[in-house]
Amino acid sequence: MTRRAALVAAALLVAGAGLADPVQASDLSDRGTRPSAAADGPALRVDATTGRHAIDPHIYGINFAEEALAKELRLPVRRWGGNATTRYNYKLDAYNAGSDWYFENLYYENGTAQLPDGSEADKFVDQNRRTGTDTILTVPMVGSTTAARNAACGFSIAKYGPQKGSDAQWRPDCGNGVKSDDTNVTGNDPADTSVAAGPEFTKGWVEYLNRAYGSADAGGVRFYNLDNEPDLWFTTHRDVHPAGAGYDEIRDSTYATAAAIKEADPGAQTLGPVGWGLNSLIYSGLDQKTCNEKGGDCWSNPPDRAAHGGQQFAPWYLQQMKAYEQSHGRRILDYFDNHIYPQQSGVSSGNDDPATQELRLRSTRQLWDPTYVDESWINQPVQYIPRMRSLVNENYPGTKLAITEYNWGALDHIDGALAQADVLGIFGREDLDLATLWSPPKSTDPGAYAFRMFRNYDGNGGAFGDTAVQSASADQEKLSVYAAERDSDHALTVIVVNKTTGDLTAPVSVTGRTGLAGSAQVYRYGQDDVTSIKHLADQPVTDGGFTTTFPAYSITEYVLPAGSSEAKPPTAPGTPTATAVGSDRATLSWAASTAGSSPVASYQVYSGDPAGTVPVATVDAPATSATVTGLSPSTAYTFRVVAKDTAGRSSPPSATVRLTTAAAPAATCTVDYRVSNDWGSGFTANVTLTNRGPALNGWQLGFSLAGGQKVTQGWNGTWSQSGTQVTVKDAGWNAALATGASTTIGFNGTYTGTNPAPGNYTLNGKSCTVPGTAAAAHIAPLAGHDPGTRAVRGHATR
């Protein structure tokens with residue numbers, strides 16, 4: 001590229017990382033005043049018999065990682081993303097920077113004689129092939145691509161008048177598109193910089209990549225992002241897309257673009273809708289733009305949502321992707337992908353004062369914790385990964401989860417490294433499928449060492465385990481703990497992050513491993529030396545575990561060898577088959593597990609992730625079939641089976657079986673269950689009962705609670721509960737229900753863990769039809785808010 005383009009690209013990349021001023025790792029100071037004696041820390045627990053699931057290595061990805069670091073980390077996936085990739089033209093090796101840099105056309109100096117051969121995108125893929133790394137390329141859906149290798153820009157000052165900002169050093173005529181009165185320039189000509197580019201353009205690129213590198217299944221490009229943050233096109237690429245992208249546009253563009261990719265390379269994997277953050281799950285780009293302009297109650301009742309049945313954007317989008325597969329017999333969306341940048345003040349931007357350090361280190365709880373209320377304009381529990389999983393389970397089962405941009409800031413400081421290690425541990429424990437950090441740390445930055453603790457702690461390829469096992473801390477804000485078994489040698493690896501500025505002494509209990517007594521290898525990275533990971537003296541281990549001191553601001557990894565007498569769990573059950581599939585039930589059968597160290601005791605059937613949901617059916621061995629009831633008619637389900645032995649050890653889950661229930665028979669009643677508020681330990685729910693049978697004068701509704709919930713208060717009826725069974729008798733004034741008439745009742749309840757929807761509804765003893773998906777953990781929809789100027793929408797410059 002030109003010298004100027006190189007400087008711009010470097011600026012976009014560095015600014016995109018949201019880092020503080022770079023410092024040498026050797027210059028980093030101690031972050032806390034160390035007390036003379038260690039304080040008591042929270043108890044840590046590891047149980048190798050349960051919570052077992054494979055950790056997908058693609059969670060350890062990075063956008064634009066340099067080659068040396070990618071090679072050292074055996075980087076699983078590397079992404080070509082960001083705003084500048086939205087209008088990248090592979091034929092010209094040129095792009096438009098959008099709002100990142102004055103809407104200017106820029107280009108790479110790779111020579112034009114052989115293009116598209118030798119383009120910057122090709123060089124990106126070439127590096128990944130050298131390091132054994134899978135590639136994510138971002139393809140355009142915005143409808144335009146860069147028109148020429150020239151110095152054009154979207155808002156010429158000569159053409160569109162004076163503007164508040166300009167590229168004074170390099171292209172003084174290129175403005176920022178904002179007039180002197182703070183209003184945006186409108187009516188500009190998109191042809192100043194860009195030409196139309198639709199699905200055929202993307203298909204041509206994928207076909208070219210197939211010729212150059214082979215198909216996805218033959219070692220070529222594996223993943224394609226369906227553009228980048230399209231719900232922000234109205235700001236980031238407003239010179240060509242000034243309108244907000246609505247529900248229908250994103251659906252239709254996804255259908256066309258993803259189908260074009262699959263036609264060119266059936267083995268390729270697609271990721272969408274690639275929204276910027278939490279509000280992307282709630283609002284379309286059109287609603288975000290409209291409500292930004294209107295304010296007020298627009299955020300609670302946005303017009304594009306109202307025109308689409310009142311559904312928030314993410315569930316509607318997933319339902320549309322499911323509908324495409326049902327209609328065409330082909331899945332075109334493989335990963336549900338949404339970005340996350342912590343919205344707490346200063347966290348993502350890299351501020352590093354003591355208060356922000358504490359905030360950064362506790363804010364990782366928004367990824368999973370139902371009790372953590374986000375300390376920003378969001379001001380409610382987020383549960384980001386469980387929320388994404390709930391959306392998928394309820395609307396398009398079988399879709400994987402991805403977060404292709406995130407950044408907790410301060411990767412050049414020790415607290416940023418601790419937050420990054422905590423995030424990677426959470427990704428593995430919560431069963432995320434793919435993640436790529438925006439943007440890369442330097443190889444000498446503390447943030448790079450966080451990755452090394454998981455991917456290469458000893459410099460010889462030593463890695464955190466491949467199969468997650470259950471781990472828990474009595475206080476995650478002080479000490480967080482993650483554990484996994486390594487497939488290659490069955491060693492148990494345990495990572496502990498001390499997020500406090502004081503040393504903490506804590507017990508670590510380890511169960512589910514026989515022959516444990518001996519010692520564990522110890523590797524540590526921390527504030528005492530931020531230039532290397534230290535291999536310390538072995539930690540003595542008894543059959544119950546060990547007690548040790550974790551230094552302030554440190555990451556410690558323990559490697560417990562398997563030993564000759566390692567206890568083995570059962571093997572995974574065989575792939576289930578489904579028979580007798582009705583409208584509300586199905587029978588599943590599977591091949592028996594092979595016992596490990598102890599006999600197989602039972603089998604558990606799950607419709608969600610076995611690590612985070614309750615089983616929908618359990619049968620004692622040697623039975624190898626179960627009937628799952630309480631299903632919804634005409635609904636797709638995904639099931640898997642886990643074996644448990646007499647010692648409590650769980651097998652890996654079986655392969656999945658997918659089925660769709662039959663249509664419902666004529667129902668005597670329907671029930672609509674909605675959670676209107678959920679605060680992590682309690683909730684408010686409303687139940688709308690509709691009579692589909694003969695007119696009633698007096699009714700009694702029954703249903704069962706599946707997650708240990710307790711009804712604490714009810715209204716519009718007489719409520720009682722016995723165990724999991726709830727009974728509601730009419731209140732007198734609402735006893736008469738004509739055919740087709742409805743009445744709504746409600747209650748407050750408490751729960752711990754997950755809060756699944758009730759099931760097994762009956763009206764006067766006869767079964768009711770319930771829309772939705774049974775057995776999947778439900779997380780109540782978020783209330784939408786105006787983020788205003790406080791929002792961290794990715795990073796302002798890429």
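What you see below is based on every heavy atom in this structure, not just the backbone, and it leaves out hydrogens, waters and symmetry mates. Bear in mind the structure is a predicted one, so any value in this text is a computation, not a measurement.
Atom CG of residue Leu434 and atom CG of residue Leu271 lie 6.0 Å apart, to the nearest 0.5 angstrom. Interatomic distance, Leu137 CG to Arg222 CZ, rounded to the nearest 0.5 Å: 13.0 Å. Note that CD1 of Ile250 and CG of Leu286 are 10.5 Å apart. Values are rounded to the nearest 0.5 Å. A distance of 10.5 Å separates CZ in Arg78 from CG in Leu69, rounded to the nearest 0.5 Å. Note that CZ of Arg87 and CG of Asn105 are 7.5 Å apart. Values are rounded to the nearest 0.5 Å. In this structure, CG in Asp122 is found 13.5 Å from CD in Gln127, a value given to the nearest 0.5 Å.
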Between Tyr317 and Asn395, does a side chain to side chain donor-acceptor pair (under 3.5 Å) hold up when you go through it step by step? CA-CA 9 Å; Tyr317 171 86; Asn395 298 287; over 6 Å; no
Going through the distances and angles, do Phe124 and Phe64 end up as a ring-ring contact (aromatic ring centres under 6.0 Å, His included)? CA-CA 8 Å; Phe124 185 89; Phe64 297 108; 5.7 Å; yes
Test Trp80 against Asn225 for side-chain contact (heavy atoms from CB on, under 4.5 Å), laying out the working first. CA-CA 9 Å; Trp80 164 282; Asn225 252 151; over 6 Å; no
Could you check Arg330 against Glu325 for salt bridge (Lys or Arg N to Asp or Glu O under 4.0 Å), going step by step and ending with a plain yes or no? CA-CA 5 Å; Arg330 179 175 66 178; Glu325 182 180 4; over 6 Å; no
Please evaluate residues Glu405 and Arg79 with respect to the criterion salt bridge (Lys or Arg N to Asp or Glu O under 4.0 Å), reporting the C-alpha separation (whole Å), side-chain torsions for both, the decisive distance (0.1 Å), and the verdict. CA-CA 9 Å; Glu405 286 189 27; Arg79 176 176 178 260; 3.0 Å; yes
Under the side chain to side chain donor-acceptor pair (under 3.5 Å) criterion, do Glu120 and Asn110 qualify, and how do the steps go? CA-CA 7 Å; Glu120 196 69 14; Asn110 290 312; 2.9 Å; yes
Residue pair Leu115, Lys91: steps toward the side-chain contact (heavy atoms from CB on, under 4.5 Å) verdict: CA-CA 6 Å; Leu115 286 176; Lys91 298 177 180 179; over 6 Å; no
Run the numbers on Leu367 and Val423 for side-chain contact (heavy atoms from CB on, under 4.5 Å), then give the verdict. CA-CA 8 Å; Leu367 288 168; Val423 167; 4.1 Å; yes
Test Val206 against Tyr208 for side-chain contact (heavy atoms from CB on, under 4.5 Å), laying out the working first. CA-CA 5 Å; Val206 177; Tyr208 161 74; over 6 Å; no
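A donor-acceptor pair is defined here as one N or O able to donate and one able to accept, closer than 3.5 Å; no such pair exists between the side chain of Thr656 and the backbone of Arg640. Without hydrogens or angle criteria, Asn338 side chain to Trp276 main chain gives no donor-acceptor distance under 3.5 Å. Between the side chain of Lys262 and the backbone N or O of Ala268 there is at least one donor-acceptor pair closer than 3.5 Å. Side chain of Thr436 to main chain of Gly61: no donor-acceptor pair is present (N/O by atom type, distance under 3.5 Å, no hydrogens or angles). No side-chain donor-acceptor contact under 3.5 Å links Asn456 to the backbone of Leu73.
His237 and Asn96 share no side-chain donor-acceptor pair at under 3.5 Å. No hydrogens or angles considered: nothing links the side chains of Tyr107 and Asn89 as a donor-acceptor pair under 3.5 Å. Side-chain atoms of Ser280 and Asp231 include a donor-acceptor pair closer than 3.5 Å. Remark: the His58 side chain and the Asp134 side chain contain an N/O donor-acceptor pair separated by less than 3.5 Å. For the 3.5 Å distance criterion, the side chains of His241 and Glu249 qualify, holding a donor opposite an acceptor. At a cut-off of 3.5 Å, with distance as the only test, a side-chain donor of Thr135 or Asn128 sits close to an acceptor on the other residue. Side-chain polar atoms of Thr364 and Asp422 form a donor-acceptor pair below 3.5 angstrom. Under the 3.5 Å distance criterion, with hydrogens and angles disregarded, a donor-acceptor pair is assigned to the side chains of Gln420 and Tyr406.
Ring geometry for Tyr247 against Trp316 counts as perpendicular: the plane angle is over 60°, on a 0 to 90° scale with 30° as the lower cut. Aromatic ring orientation, Trp205 versus Tyr88: tilted (interplanar angle from 30° to 60°). Ring planes of Tyr255 and Tyr324: tilted class, angle from 30 to 60°. Between Phe454 and Phe464, the ring planes lie perpendicular to each other; the angle is over 60°, past the 30° to 60° tilted range.
Arg387 has its side chain within reach of Leu281: a pair of non-hydrogen atoms, C-beta onward, lies under 4.5 Å apart. Side chains of Leu588 and Thr577 form no contact here, defined as non-hydrogen atoms less than 4.5 Å apart. Contact annotation: the side chain of Leu432 approaches that of Ile403 to within less than 4.5 Å [non-hydrogen atoms, C-beta and beyond]. Residues Leu437 and Leu411 have side chains in contact (heavy-atom distance under 4.5 Å, counting atoms from C-beta outward). For the pair Tyr108/Lys123, no side-chain contact is recorded, criterion being any heavy-atom separation below 4.5 Å from C-beta on. Using a 4.5 Å heavy-atom threshold, the side chains of Pro76 and Arg455 count as touching. Side-chain contact check for Ile62 versus Leu75: some heavy-atom pair is nearer than 4.5 Å.
For the residue pair Gln366 and Pro342, the shortest heavy atom distance occurs at NE2-CB, 3.8 Å. Of all heavy-atom pairs between Gly428 and Ala468, the closest is O-CB, 4.2 Å. The two residues Tyr224 and Val139 come nearest to each other via the heavy atoms CD2-CG1, 3.6 Å.
Using a cut-off of 4.0 Å between Lys/Arg side-chain N and Asp/Glu carboxylate O, Asp304 and Lys289 are scored as not salt-bridged. Between Asp126 and Arg129 there is no salt bridge, since none of the side-chain N atoms of the basic residue sits less than 4.0 Å from a carboxylate O of the acidic one. Taking the charged nitrogens against the carboxylate oxygens, Arg52 and Glu485 do have a contact shorter than 4.0 Å, which makes a salt bridge. A salt bridge links Glu72 to Arg452: one of the charged nitrogens lies within less than 4.0 Å of a carboxylate oxygen.
Of the residues Thr86, Thr138, Asn83, the one that meets the side-chain hydrogen bond (donor to acceptor under 3.5 Å, both in side chains) test with Asn228 is Asn83. When each of Thr404, Thr270, Thr399 is tested with Asp337 by the rule side-chain hydrogen bond (donor to acceptor under 3.5 Å, both in side chains), just one qualifies, namely Thr404.
Remark: aromatic rings of Tyr90 and Phe201 are close, center separation under 6.0 Å.
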